[in-house]
Chemist: 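Take this structure first; my questions come after.
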Amino acid sequence: MAHLNLGVFISGRGTNLQSIIDACEAGKIDASVAVVISDQAEAYGLERARKHNISPIHVPVGKNNTPKYDEADRRQLEILREYQVDLVCLAGYMRRVGRAVLEGYAEAILNIHPALLPSFPGTHGQGDAADYGVKVSGCTVHLAWPKFDTGPIIIQAAVPVLEDDDGDSLADRILRQEHKIYPQAIQWFAEGRLQIEGRCVTVKDARPPTIAEAIISPGLEI
Ligand code: GAR
């Protein structure tokens, strides 16, 4: 596939957006960010876009299934078309994507989630995992389907949960992996290497997992 135009949706500080911009600018991925759309006017991610001469656009979104929500959905699709976006990347976008965008970009919307889906979907993946007491958590990049956090999984990274972790410390450890796996998933998409069958994704000619064996947490002593 040729060079990809990305449309990135954010709601907040935009560190994943930054990792995508950096990977594009470093030539690690065959893409560039054409537009950043935020539902929050004050999102720092909009400032990051400005610093890289990327159009930052605030689209206020109403509650689900209200006229304002549907209007925002249509406006987002218009913007994506205007910027000739090939792939939509949800990067800390804390809203449901509307029907117009989902249908306009079927199988061309990626999302990053800070837990090992299907565990701990929703907006507090890291805190929910820490509170549940799991010993391993991580992050997931998947294709967005209409039902939140359910689409086919492209790549996951697992990290240990440590004894004294709370949601914040676990979130930091997970975030470092998010910044690695999201640009990688985009590059596989750009290269046309994702083969999707039902809910299973195969990466054509994928390398073996980066950690060859298991993460066991806490560590083994015998
Ligand atoms: C990231 O941890 C991302 O995985 C999460 O929000 C954070 C955004 O951080 N997304 C979700 O929880 C979606 N359900 P960022 O703005 O620094 O990229």
Side-chain angles (χ1 to χ4, degrees), residues 6-25 28-29 31 33 35-52 54 56-59 61 63-64 69 76 87-98 101-102 105 109-132 134 136-161 165-186:
L6 307 177
V8 182
F9 281 45
I10 58 156
S11 295
R13 64 191 169 174
T15 66
N16 275 289
L17 165 67
Q18 189 70 54
S19 76
I20 294 168
I21 294 173
D22 292 347
C24 291
E25 291 186 352
K28 289 184 182 166
I29 61 178
V33 180
V35 63
V36 172
I37 297 176
S38 171
D39 60 320
Q40 303 295 323
E42 302 305 322
Y44 183 66
L46 291 175
E47 188 53 35
R48 292 181 193 270
R50 265 180 224 111
K51 286 186 183 161
H52 291 265
I54 297 163
I57 303 186
H58 171 222
V59 180
V61 177
K63 286 206 171 87
N64 289 349
Y69 174 86
Q76 289 167 344
L87 177 68
V88 175
C89 299
L90 308 177
Y93 183 62
M94 298 306 195
R95 305 295 306 250
R96 276 172 205 282
V97 176
V101 173
L102 281 167
Y105 282 84
I109 306 177
L110 304 183
N111 181 43
I112 184 137
H113 183 74
L116 294 175
L117 290 174
S119 292
F120 310 113
T123 50
H124 303 100
Q126 311 96 323
D128 291 347
D131 291 348
Y132 195 93
V134 294
V136 175
S137 191
C139 46
T140 304
V141 177
H142 64 96
L143 286 157
W145 274 0
K147 195 161 177 258
F148 231 36
D149 297 335
T150 61
I153 292 170
I154 296 168
I155 183 170
Q156 293 184 306
V159 301
V161 181
D165 265 336
D166 57 15
D168 290 341
S169 55
L170 178 58
D172 288 345
R173 192 172 311 114
I174 292 172
L175 193 65
R176 285 196 288 279
Q177 302 308 314
E178 294 185 38
H179 297 163
K180 295 180 187 167
I181 68 171
Y182 211 172
Q184 176 64 80
I186 295 168

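Counting starts at 1 for both ligands and their atoms, following the listed order. Count residues from 1 along the sequence.
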Chemist: Calculate, to the nearest 0.5 Å, the distance between atoms CZ and OG belonging to R95 and S38 respectively.
Modeler: 10.5 Å
Chemist: Ignoring hydrogens and angles, tell me if any N or O in the side chain of Y69 forms a donor-acceptor pair with the backbone of R96 under 3.5 Å.
Modeler: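 Flag set: sc Y69 to bb R96 pair under 3.5 Å.
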Chemist: Who passes side-chain contact (heavy atoms from CB on, under 4.5 Å) against P121, sequence neighbours left out?
Modeler: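 So P121 forms a side-chain contact (heavy atoms from CB on, under 4.5 Å) with L117, D149.
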Chemist: Using atom types as modelled, flag every donor-acceptor pair under 3.5 Å from a side chain in residues 9-18 to any protein atom, sequence neighbours excluded.
Modeler:
| from | atom 1 | to | atom 2 | distance (Å) |
| --- | --- | --- | --- | --- |
| S11 | OG | D39 | OD1 | 2.7 |
| S11 | OG | M94 | N | 2.9 |
| T15 | OG1 | H179 | NE2 | 2.8 |
| N16 | ND2 | E178 | OE1 | 2.9 |
| Q18 | OE1 | R48 | NH1 | 3.2 |
| Q18 | NE2 | D22 | OD1 | 3.0 |
| Q18 | NE2 | H52 | NE2 | 3.2 |

Chemist: Applying side-chain contact (heavy atoms from CB on, under 4.5 Å), name anything that partners A130, two or more places apart in sequence or on another chain.
Modeler: L170
Chemist: List the steps, then state whether side chain to side chain donor-acceptor pair (under 3.5 Å) holds for S169 with D172.
Modeler: CA-CA 5 Å; S169 55; D172 288 345; over 6 Å; no
Chemist: Which protein residues come within less than 4.0 angstrom of ligand 1, counting heavy atoms only?
Modeler: R13, G14, T15, N16, G92, M94, I112, H113, P114, G122, Q126, L175, E178
